[in-house]
Amino acid sequence: MANAEKDSSAFKNPLRPAYRRLRGFVRENFPALYRDGTRYDAIAAEIRRLRPRTIVEIGTCRGDNAERMIRLALGYGEVDYYGFDLFEDLDGATFDKEAALWPASLEKVEARLKAVRRGGRAAGVHLTRGDTTVTLKKAAPAIGRAGLVFIDGGHSYATVRADWENSAPLCGPGAVVFFDDYPNWGVGQLVDEIDRAAWDVRILAPGDYFHHTDPPLNCRLARVTRRGAL
Ligand SMILES: C[S@@+](CC[C@H](N)C(=O)[O-])C[C@H]1O[C@@H](n2cnc3c(N)ncnc32)[C@H](O)[C@@H]1O
């Protein structure tokens with residue numbers, strides 16, 4: 001039995017490298033067809049529907065979702081991406097308080113996102129380093145109106161509240177806000193407090209399950225739009 005277990009855990013699917021290459025090829029060349037099976041496919045679907053010209057992401061981190069959003073949106077026209085993160089300013093205490101991931105440097109993320117091209121176009125990439133409870137409000141006049149806002153920065157209640165309060169004024173009719181990680185950390189409380197008379201709030205199913213964490217987590221997206229808008 002022990003040997004059988006050992007043998008089965010040692011099995012490597014010989015098709016895996018080819019499958020990975022194929023996925024990468026589809027992701028880069030046919031982003032509208034690409035699906036990765038995570039909750040973020042719902043954001044991609046919204047970009048295909050909404051075709052936003054201005055995307056704001058709170059918590060750019062290493063640029064994984066930023067790259068996907070930019071590549072997809074560029075297929076429909078010009079795009080400005082505004083990304084906010086602590087980048088090199090993240091320290092251990094803030095990492096713990098905000099239930100964060102470690103970001104790459106601003107310079108590295110900027111190079112990654114500026115290199116994304118579709119139909120001969122590149123996005124306007126505007127990255128701001130610092131605490132979003134301070135930086136987002138200051139950047140608001142330069143952003144104007146956003147088509148899509150993705151709130152996925154600090155996860156403490158105080159930070160998510162500030163990020164929401166500073167994002168809402170960026171959203172005109174038809175704009176869509178996504179919160180990641182509902183109902184965990186401070187995200188659940190804040191999203192549950194959003195005024196349902198003014199905002200349509202939908203918790204998207206099924207979310208992603210992380211069984212290896214303690215406690216296990218179910219991370220879902222919350223989709224928020226102004227009432228009266230599409
Ligand atoms: C979960 S990661 C974001 C992942 C990214 N949205 C993606 O999908 O690829 C959270 C990020 O928020 C950043 N962050 C945490 N607290 C922050 C704060 N108060 N101000 C700015 N950024 C913050 C962290 O540095 C980290 O890079």
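Side chains are part of it too, since the values below use all heavy atoms of this structure and drop only hydrogens, waters and symmetry mates. Every number for a ligand or one of its atoms is a count from 1 in the order of the listing.
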Enquirer: Short list, please: which atoms of ligand 1 are under 4.0 Å from a heavy atom of T159?
Expert: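 Result: 19 (N).
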Enquirer: What protein heavy atom sits nearest atom 21 (C) of ligand 1, and how far away is it?
Expert: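 Ranked first by proximity to atom 21 (C) of ligand 1 is G130 O, 3.3 Å.
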Enquirer: Quick one about E67 and Y81 (side-chain donor to acceptor, distance below 3.5 Å, no hydrogens or angles considered), yes or no?
Expert: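 Looking only at side-chain atoms, E67 and Y81 do not form any donor-acceptor pair under 3.5 Å.
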Enquirer: Does a donor on one side chain and an acceptor on the other come within less than 3.5 Å for T54 and D80?
Expert: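 No - no donor-acceptor pair under 3.5 Å links their side chains.
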Enquirer: Check whether the side chains of Y34 and R23 place a donor and an acceptor atom closer than 3.5 Å, and report yes or no.
Expert: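 There is such a pair between these side chains.
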Enquirer: For ligand 1, which atoms have a heavy atom of D131 less than 4.0 angstrom away?
Expert: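 Selected atoms, number and element: 18 (C), 19 (N), 20 (N).
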Enquirer: Any nitrogen or oxygen of F87 lying under 3.5 Å from a nitrogen or oxygen in ligand 1? Just yes or no.
Expert: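 No, F87 has no N/O under 3.5 Å of an N/O on ligand 1.
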Enquirer: In the protein, which heavy atom is nearest to atom 17 (C) of ligand 1, and how far is it?
Expert: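 Looking at atom 17 (C) of ligand 1, the protein heavy atom closest to it is L86 CD1, 3.4 Å.
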Enquirer: Is a donor on one side and an acceptor on the other found under 3.5 Å between the side chain of D208 and the backbone of R39?
Expert: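 Between the backbone of R39 and the side chain of D208 there is a qualifying donor-acceptor contact (under 3.5 Å).
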Enquirer: Determine whether a donor-acceptor pair (N or O, by modelled atom type, separation under 3.5 Å) exists between the side chain of R62 and the backbone of K108.
Expert: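 Flag not set: sc R62 to bb K108 has no pair under 3.5 Å.
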Enquirer: Tell me the protein heavy atom at minimum distance from atom 11 (C) of ligand 1, and give that distance in Å.
Expert: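 For atom 11 (C) of ligand 1, the nearest protein heavy atom is D85 OD2, 3.5 Å.
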Enquirer: I'd like to check which ligand 1 atoms, numbered from 1 as shown, lie under 4.0 Å from a non-hydrogen atom of L90.
Expert: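 In order of number, 25 (O).
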Enquirer: What protein heavy atom sits nearest atom 9 (O) of ligand 1, and how far off is it?
Expert: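 Atom 9 (O) of ligand 1 sits closest to the protein heavy atom N65 N, 3.3 Å.
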Enquirer: Suppose I only count heavy atoms of C61 and a 4.0 Å limit; which atoms of ligand 1 are within that range?
Expert: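 Listed by number with element, the hits are 2 (S), 3 (C), 4 (C), 5 (C), 27 (O).
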Enquirer: At a 4.0 Å threshold, what atoms of ligand 1 neighbour a non-hydrogen atom of E57?
Expert: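 Selected atoms, number and element: 5 (C), 6 (N), 7 (C), 8 (O).
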Enquirer: Which heavy atom of the protein is the closest neighbour of atom 12 (O) of ligand 1, given with residue, atom name and distance?
Expert: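 Checked against all protein heavy atoms, atom 12 (O) of ligand 1 sits closest to G153 CA, 3.3 Å.
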Enquirer: Crowded around R16 CZ? As in, over 12 foreign heavy atoms under 6.0 Å?
Expert: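 Open: at most 12 neighbouring heavy atoms sit under 6.0 Å from CZ of R16.
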Enquirer: Measure from atom 10 (C) of ligand 1 to every heavy atom in I151, D152, L101, D180 and give the option owning the shortest one.
Expert: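 The option holding the nearest heavy atom is D152.
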Enquirer: We want to know whether Y40 and D180 form a side-chain donor-acceptor pair, criterion being a heavy-atom distance below 3.5 angstrom.
Expert: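 Distance-only check passes for Y40 and D180.
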Enquirer: When you check the side-chain N and O atoms of T159 and S156, is any donor under 3.5 Å from an acceptor?
Expert: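 Yes, S156 and T159 have a side-chain donor paired with an acceptor closer than 3.5 Å.
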Enquirer: With heavy atoms of D64 as the reference, note each atom of ligand 1 found under 4.0 Å away.
Expert: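 By the 4.0 Å cutoff, the relevant atoms are 9 (O).
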Enquirer: Which pair of heavy atoms, one from A42 and one from L204, lies closest together, and at what distance?
Expert: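 Taking every non-hydrogen atom into account, CB-CD1, 3.8 Å.
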Enquirer: Output yes when the distance from some N or O of ligand 1 to some N or O of G59 is under 3.5 Å, and no in every other case.
Expert: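 Yes: some nitrogen or oxygen of G59 is under 3.5 Å from one in ligand 1.
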Enquirer: What protein heavy atom lies closest to atom 20 (N) of ligand 1? Include the residue and the distance to one decimal.
Expert: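 For atom 20 (N) of ligand 1, the nearest protein heavy atom comes out as T132 N, 3.0 Å.
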Enquirer: Would you tell me whether Y182 and D192 have side-chain atoms, one donor and one acceptor, within less than 3.5 Å of each other?
Expert: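 The answer is yes; a qualifying pair exists.
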